[in-house]
Amino acid sequence: MAGSSNQPLLAGVDDDEGNEKLASKVWIESKKLWHIVGPSIFSRLSAYSMNLITQAFAGHLGNVELAAVSISVTVITGFNYGFLLGMASALETLCGQAFGARRYDMLGIYVQRSWIVLCSCCFLLLPLYIFATPILKFIGQSDEVAELSGALAMWLIPLHFCFAFQLPMSRFLLSQLKTQVIAWASFVSLVVNAITSWLVVYVLDFGVVGLVVALDISWWVLFFGLYGYTIFGGCPFTWTGFSMQASSGLWEFFKLSVSSGVMLCLENWYYRILLLMTGYLKNVILALDALSICMNINGWEMNIHLAFFAATGVRVANELGAGNGKAAKFATKVSVIQSNIIGMFFCLLIMLLREKIALIFTSNTDVLKEVDKLSYLLAITVLFNSVQPVLSGVAVGSGWQAKVAYINLGCYYLIGLPLGFLMGWLFHWGVMGIWGGMIFGGTAVQTVILTIITVRTDWEKEAEKASHRVQKWSIPKSDNQPQVEDSSH
């Protein structure tokens with residue numbers, strides 16, 4: 001089946017037979033892709049919706065509560081989540097390529113190494129939670145918002161440590177194409193979050209603190225669901241119990257994880273900084289509420305493209321691990337095209353519904369008007385984000401994390417942030433200037449550069465590198481290596 005994907009997507013075929021072959025190959029690749037994308041979209045939207053539910057309940061408690069939850073969940077937890085998510089993405093490279101190379105015995109060892117590394121980093125990141133209030137005041141947030149955000153941050157520490165276990169576990173299962181179990185566990189955690197959020201606000205009257213505790217509980221339910229499936233027979237060949245081999249090679253694993261973390265967190269942090277920069281504008285609570293609503297809508301929709309990010313990373317890693325560079329190239333093209341079509345649809349939808357999209361979060365007239373003004377930039381952001389995550393998925397699947405980290409640093413922080421600052425304050429365009437400068441100066445430039453790199457890639461050479469990487473990171477292969485059916489076929 002892999003051999004049927006070895007022709008370029010854009011090959012010049014004029015005859016009907018050639019077109020039928022091309023259509024057949026696109027259909028086959030699409031089935032493989034959506035075997036991952038479909039459940040991944042559902043699971044990511046379910047997980048992200050837990051944050052939206054928390055903020056929606058907070059918005060009905062008051063504007064200060066909404067702003068504080070936005071800061072504590074979206075910014076403080078989001079900063080750390082971005083780094084930990086990036087570090088866990090090292091498993092998409094290692095597990096994905098090992099699975100493609102049929103080194104199933106290494107996947108369980110990889111995820112245990114990732115737990116050790118990420119849990120250690122969680123302790124190093126704790127000061128951001130403990131000293132959240134003085135940090136927020138120092139960078140210009142109002143005292144009222146900073147104090148409540150800092151108090152909520154302390155209650156979010158259990159969630160912080162949950163990420164160190166849940167993110168690697170998800171990637172461990174995703175690399176084996178076990179997307180259904182991730183989707184079901186995410187659904188259960190979403191239901192738990194909705195019920196507990198309602199209880200703590202309207203029955204127990206625990207207020208905004210109860211909301212973040214409900215969020216903690218929901219994420220831990222998600223992890224234990226995935227972990228329970230794994231240890232109780234769901235992964236008999238890739239999980240054989242805890243191993244002392246997981247404690248070896250940690251330094252090399254740490255370096256790869258950090259390069260992965262830097263690659264993704266630079267991008268993830270970019271939009272958190274956008275929220276923080278609004279703290280220096282006039283009428284800060286109105287600006288922060290409107291922008292956080294737009295960011296939530298953007299984040300909700302972007303989870304679709306993040307599913308393509310994950311699926312593309314797995315497809316590319318699996319094919320490269322199997323030594324099939326042309327199939328990896330073909331998978332990249334199919335994924336980019338389909339993700340872009342979805343992005344164009346949502347871009348148009350936002351433009352048509354721009355006056356109503358904020359009603360789920362607030363009924364405040366001033367906030368609704370401000371969101372309406374920002375909807376044009378929101379639509380443009382959605383369009384750009386339909387391509388960029390897929391290209392980042394190619395980078396993860398190919399093991400280019402260190403290279404892309406430098407690209408993200410240059411595009412986002414040396415071009416995007418300064419341009420956003422100039423447009424926001426020098427030209428007095430406020431939040432629209434900040435956001436617009438960051439989009440066109442950062443995201444657009446990064447997308448162009450990643451496109452050029454991907455187009456110029458020698459995929460057969462990348463397949464050779466993947467083979468070398470699997471050998472480097474694996475223990476000697478046993479003679480009785482089990483065979484696992486590829487469920488994507």
Are [X] and [Y] side-chain neighbours, meaning at least one heavy-atom pair lies under 4.5 Å?
X: Ile453; Y: Ile407; result: yes
X: Met438; Y: Leu419; result: no
X: Val201; Y: Ser197; result: no
X: Ile182; Y: Pro39; result: no
X: Thr179; Y: Leu174; result: yes
X: Trp429; Y: Ile434; result: no
X: Ile36; Y: Phe308; result: no
X: Phe57; Y: Val69; result: no

Rounded distance (nearest 0.5 Å) linking atom [atom1] of [X] with atom [atom2] of [Y]:
X: Ile304; Y: Ser339; atom1: CD1; atom2: OG; answer: 9.0 Å
X: Leu306; Y: Glu301; atom1: CG; atom2: CD; answer: 9.5 Å
X: Thr238; Y: Arg103; atom1: OG1; atom2: CZ; answer: 13.5 Å
X: Leu409; Y: Ile415; atom1: CG; atom2: CD1; answer: 10.5 Å
X: His160; Y: Ile76; atom1: NE2; atom2: CD1; answer: 12.0 Å
X: Ile71; Y: Thr77; atom1: CD1; atom2: OG1; answer: 11.0 Å

Under 3.5 Å, is there a donor-acceptor pair between the Ser386 and His305 side chains?
no

Pair Ser335, Thr312: side-chain N/O donor-acceptor within cut-off below 3.5 Å
yes

Indicate the atoms forming the closest heavy-atom contact of [X] with [Y], along with that distance.
X: Cys347; Y: Val382; value: N-CG1, 4.1 Å
X: Ala153; Y: Tyr129; value: O-CD2, 3.2 Å
X: Ser175; Y: Cys95; value: OG-CB, 3.2 Å
X: Leu173; Y: Cys235; value: CD2-SG, 3.5 Å
X: Val316; Y: Val394; value: CG1-O, 4.3 Å
X: Ser72; Y: Leu156; value: O-CD1, 3.6 Å

More than 12 non-hydrogen atoms from neighbouring residues, nucleotides or ligands closer than 6.0 Å to OH on Tyr227, yes or no?
yes

Take a 6.0 Å sphere around CH2 of Trp34 and say whether it holds more than 12 heavy atoms from other residues, nucleotides or ligands.
yes

Do the side chain of Ser243 and the main chain of Gln245 share a donor and acceptor less than 3.5 angstrom apart?
yes

Is the backbone of Leu159 close enough, under 3.5 Å, to the side chain of Gln166 for a donor and an acceptor to pair up by distance?
no

Before you tell me yes or no, could you show the steps for Ile53 and Leu190 under side-chain contact (heavy atoms from CB on, under 4.5 Å), namely the whole-Å CA-CA distance, both residues' side-chain angles and the distance that decides it to 0.1 Å?
CA-CA 9 Å; Ile53 288 171; Leu190 176 62; 3.7 Å; yes

Please test Leu377 against Ile439 for side-chain contact (heavy atoms from CB on, under 4.5 Å), starting from the C-alpha separation and ending with a verdict.
CA-CA 8 Å; Leu377 288 176; Ile439 292 173; 4.3 Å; yes

Does [X] have any ring-ring contact (aromatic ring centres under 6.0 Å, His included) partners at least two apart in sequence or in another chain, and if so, which?
X: Phe224; result: Trp220
X: Tyr376; result: none
X: Phe163; result: Tyr81, Trp219
X: Tyr406; result: none

Sorted by first residue and then second, give each salt bridge (Lys or Arg N to Asp or Glu O under 4.0 Å) pair with at least one member in residues 50-79; sequence neighbours left out.
none

Could you give all pairs that pass the salt bridge (Lys or Arg N to Asp or Glu O under 4.0 Å) test and reach residues 367-384, with sequence neighbours left out?
Arg354-Asp372

Of all residues at least two apart in sequence or in a different chain, which pass the side-chain contact (heavy atoms from CB on, under 4.5 Å) check with [X]?
X: Ala405; answer: Val262, Met263
X: Ala317; answer: Gln97
X: Leu66; answer: Gln55, Ser70, Asp289
X: Glu92; answer: Ser89, Arg171, Phe309, Val396

Please list all pairs passing the side chain to side chain donor-acceptor pair (under 3.5 Å) test where one or both residues lie in residues 36-45, with sequence neighbours left out.
none

Residue pair Thr381, Thr443: steps toward the side-chain contact (heavy atoms from CB on, under 4.5 Å) verdict
CA-CA 8 Å; Thr381 302; Thr443 307; over 6 Å; no

Measure up the Trp239 and Phe172 rings against each other and bin them: parallel (under 30°), tilted (30 to 60°), perpendicular (over 60°).
perpendicular

Parallel, tilted or perpendicular: ring planes of Phe223 versus Trp115, cut at 30 and 60 degrees
perpendicular

For Leu107 and Val111, run side-chain contact (heavy atoms from CB on, under 4.5 Å): C-alpha distance rounded to whole Å, both residues' side-chain angles, the deciding distance at 0.1 Å, then the answer.
CA-CA 6 Å; Leu107 273 70; Val111 75; over 6 Å; no

Using atom types as modelled, flag every donor-acceptor pair under 3.5 Å from a side chain in residues 120-128 to any protein atom, sequence neighbours excluded.
| residue | atom | partner | partner atom | Å |
| --- | --- | --- | --- | --- |
| Ser120 | OG | Ile116 | O | 2.8 |

